[in-house]
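Remarks on the structure that follows.
Values below: every heavy atom of this structure, side chains too, minus hydrogens, waters and symmetry copies. Here the structure is a predicted model, which means the values were calculated and not measured. Numbering of ligands and ligand atoms starts at 1, following listing order.
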Amino acid sequence: MYLEQYDLKKKVAVVTGGGRNIGLACAQALAEAGATVVIAEVDPAVAASGKEALAALGFDADVVQLDVTKPGDVNAAADRIVAEFGRVDILVCNAGIAFNTPAEEMADEEWMKVIDINLNGVFWCCRAFGRHMLASGSGSIINIGSMSGIIANKPQPQSHYNASKAGVHLLTKSLAAEWADRGVRVNAVAPTYIETAMTRRGMDNPEYFPTWLEMTPMHRVGQPPEIASVVLFLACDASSLMTGSVVVVDGGYTCW
Ligand code: NDP
């Protein structure tokens with residue numbers, strides 16, 4: 001009874017930024033559960049490398065070139081995917097970027113870019129794919145937030161990133177409340193530092209990394225599959241009573 005709830009055969013899942021790292025791990029987890037997976041990436045080469053990586057594991061994935069900051073393109077991609085596959089059941093809003101810049105030195109463009117990809121992009125995707133899910137009366141959306149939407153990270157300055165992720169968390173709750181009685185669940189995952197391209201520079205920085213480890217009760221960073229397994233749980237019926245949750249996956253970081 002319980003394991004059956006993880007069966008995603010006949011489901012269609014879209015993962016933004018699904019070509020590498022956390023997004024790719026999510027794509028793999030959903031594919032392993034039987035879903036038809038579409039990787040939506042801004043860079044076709046990254047999408048192709050994600051597709052190749054899944055193929056090497058025996059999973060087929062489709063790819064679509066998509067910049068999540070362009071609402072017209074996002075709407076068109078959602079329509080195309082539903083026209084091609086007949087449905088969309090799962091959306092993972094994973095695309096995101098981060099920079100470390102003191103607030104007083106930040107250029108307007110940098111602030112706008114981070115908010116545009118990390119927050120506006122999540123809204124455009126939730127709205128476009130959510131419309132199809134509402135029309136069919138079911139769906140599960142998982143937004144990748146961050147513990148940075150709950151605490152201000154130390155010691156690196158990243159006010160735009162933190163604000164964008166706090167926005168993702170409350171956007172998640174807002175959409176969850178609006179759509180709960182129409183069959184569409186919306187949850188978020190709030191990871192700690194995960195070893196990816198995004199965190200590599202910080203892990204190599206002796207001014208950052210020892211502090212990160214010291215502040216984490218488990219004294220380690222996470223790996224992409226440790227986020228993907230939670231995304232899989234939120235995507236499937238095992239989490240059927242959950243909507244509007246921000247699931248913190250942080251090795252205990254926010255305990256202190
Ligand atoms: P990566 O940088 O490795 O991957 C992010 C992906 O998003 C890339 O493939 C990137 O494509 C894609 N992307 C960027 N901009 C756009 C866009 N406009 N449209 C579509 N795709 C885009 O990051 P991570 O795997 O580390 O992070 C994934 C998510 O997890 C992000 O939302 C991040 O904020 C969040 N997160 C990460 C943590 C970490 O420690 N790594 C911690 C907490 C949260 P391209 O390579 O072509 O730019």
Side-chain angles (χ1 to χ4, degrees), residues 14-29 38-51 53 61 63-74 77-78 91-100 112-126 128 142-151 153 156 158 160-169 171-172 188-205 208-209 212-213 215-216 220-228 230-231 246-251 253-254:
V14 177
V15 184
T16 71
R20 61 180 197 178
N21 297 320
I22 295 173
L24 180 58
C26 293
Q28 181 185 334
V38 181
I39 293 173
E41 269 285 358
V42 65
D43 182 344
V46 176
S49 75
K51 184 178 166 68
V63 295
V64 59
Q65 197 274 328
L66 180 64
D67 180 346
V68 297
T69 65
K70 302 210 165 95
D73 292 2
V74 174
L91 169 68
V92 183
C93 292
N94 163 79
I97 56 168
F99 302 108
N100 298 326
M112 297 295 279
K113 185 171 181 180
V114 170
I115 299 296
D116 211 18
I117 294 176
N118 291 10
L119 179 56
N120 296 344
V122 172
F123 180 70
W124 307 138
C125 290
C126 288
I142 303 99
N143 295 326
I144 307 299
S146 175
M147 69 174 183
S148 313
I150 300 167
I151 48 89
N153 300 64
Q156 70 274 26
Q158 47 177 53
H160 42 9
Y161 184 80
N162 298 346
S164 73
K165 292 299 185 179
V168 167
H169 294 174
L171 173 62
T172 298
V189 178
T192 181
Y193 302 106
I194 306 296
E195 190 171 357
T196 70
M198 184 178 278
T199 38
R200 192 66 256 169
R201 264 172 302 137
M203 291 176 69
D204 291 340
N205 186 336
Y208 289 0
F209 197 44
W212 295 1
L213 294 182
M215 293 188 71
T216 308
R220 69 174 179 90
V221 297
Q223 298 299 322
E226 295 181 289
I227 302 306
V230 180
V231 167
V246 177
V247 182
V248 177
V249 185
D250 70 349
Y253 191 106
T254 55

| Donor-acceptor contact below 3.5 Å, side chain Lys165 vs main chain Ser148 | no
| request: Would you mind finding which of Thr196, Ile227, Thr192, Val249 brings a heavy atom closest to atom 38 (C) of ligand 1? | output: Thr192
| request: Return the residue, atom name and 0.1 Å-rounded distance of the protein heavy atom closest to atom 39 (C) of ligand 1. | output: Ile194 N, 3.5 Å
| request: Please identify which atoms of ligand 1 are closer than 4.0 Å to at least one heavy atom of Gly96. | output: 5 (C), 7 (O), 31 (C), 32 (O)
| Is there a donor-acceptor pair closer than 3.5 Å between any side-chain N or O of Asn94 and the backbone N or O of Thr16? | yes
| So which heavy atom in the protein is nearest atom 18 (N) of ligand 1, and how far is it from that ligand atom? | Asp67 OD1, 2.9 Å
| request: Specify the protein heavy atom at minimum distance from atom 3 (O) of ligand 1: its residue, its atom name, and the distance to 0.1 Å. | output: Asn21 ND2, 2.5 Å
| task | Provide, to 0.1 Å, the distance between atom 13 (N) of ligand 1 and the closest protein heavy atom, together with that atom's residue and name. | result | Ala95 CB, 3.9 Å
| task | Would you confirm whether Asp250, through its side chain, and Thr254, through its main-chain N or O, come within 3.5 Å as a donor-acceptor pair? | result | yes
| field | Pick from Lys70, Glu41, Met147: the one approaching atom 9 (O) of ligand 1 most closely through a non-hydrogen atom | value | Glu41
| request: Run the numbers for me: atoms of ligand 1, each under 4.0 Å from some heavy atom of Pro191, listed by number. | output: 43 (C), 44 (C)
| Side chain, backbone, both or neither: the part of Leu66 lying under 4.0 Å from ligand 1 by heavy atom | backbone
| Between Thr172 and His169, is a side chain to side chain contact (heavy atoms under 4.5 Å, CB included) present by the stated rule, with each step listed? | CA-CA 5 Å; Thr172 298; His169 294 174; 5.6 Å; no
| task | Take the angle between the ring planes of Phe99 and His160 and call it parallel below 30°, perpendicular above 60°, tilted in between. | result | tilted
| So does Glu41 pair up with Lys51, basic N to acidic O under 4.0 Å? | no
| note | Taking every heavy atom of Gly18 against every heavy atom of Ala27, the minimum-distance pair comes out as O-CB, 4.3 Å
| Ligand-side contact atoms (ligand 1) for residue partner Ile144, heavy atom cut-off under 4.0 Å | 29 (C), 30 (O), 35 (C)
| field | Those atoms of ligand 1 less than 4.0 Å from some heavy atom in Gly145 | value | 44 (C)
| Are there more than 12 heavy atoms of other residues, nucleotides or ligands under 6.0 Å from atom CE of Met203? | yes
| Going by heavy atoms in the side chains, are Phe123 and Leu171 under 4.5 Å from each other? | yes
| task | Number the atoms of ligand 1 from 1 as they appear, then name those within less than 4.0 Å of a heavy atom of Asp43, with their elements. | result | 47 (O)
| request: Check Cys26 against Val15 and note the closest heavy-atom contact, atom names and distance. | output: CB-CG1, 4.4 Å
| query | Which ligand 1 atoms, with their elements, are less than 4.0 angstrom from a heavy-atom of Val42? | reply | 11 (O), 16 (C), 17 (C), 19 (N), 20 (C), 21 (N), 22 (C), 47 (O)
| With a cut-off of 4.0 Å, which atoms of ligand 1 are near a heavy atom of Val46? | 9 (O), 46 (O), 47 (O)
| said: Applying a heavy-atom cut-off of 4.0 Å, say which part of Thr199 lies close to ligand 1: side chain, backbone, both or neither. | reply: side chain
| Identified side chain to side chain contact (heavy atoms under 4.5 Å, CB included) partner of Val231 from the options Ile142, Ile22, Val247, Asn143 | Ile142
| said: Please compare Val68, Val15, Ile117, Ile22 and report which has the shortest non-hydrogen distance to atom 25 (O) of ligand 1. | reply: Ile22
| field | Any Thr16 heavy atom less than 4.0 Å to ligand 1 | value | no
| Which residue and non-hydrogen atom of the protein lie closest to atom 2 (O) of ligand 1, and at what distance in Å? | Arg20 NH2, 2.9 Å
| field | Option set Tyr193, Tyr161, Trp212, criterion heavy-atom distance to atom 36 (N) of ligand 1, minimum | value | Tyr161
| Nearest-contact summary for atom 23 (O) of ligand 1 - protein heavy atom, Å | Met198 CE, 3.8 Å
| request: Would you kindly specify which portion of Asn94 sits under 4.0 Å from ligand 1, judged on non-hydrogen atoms: side chain, backbone, both or neither? | output: both
| note | Ranked by distance from atom 14 (C) of ligand 1, the top protein heavy atom is Ile97 CG2, 4.2 Å
| query | Just wondering, do Arg201 and Tyr208 contact through their side chains at under 4.5 Å, heavy atoms? | reply | no
| request: Decide side-chain hydrogen bond (donor to acceptor under 3.5 Å, both in side chains) for Ser164 and Asn118; before the verdict, give the C-alpha distance in whole Å, the side-chain angles of both, and the deciding distance to 0.1 Å. | output: CA-CA 6 Å; Ser164 73; Asn118 291 10; 3.2 Å; yes
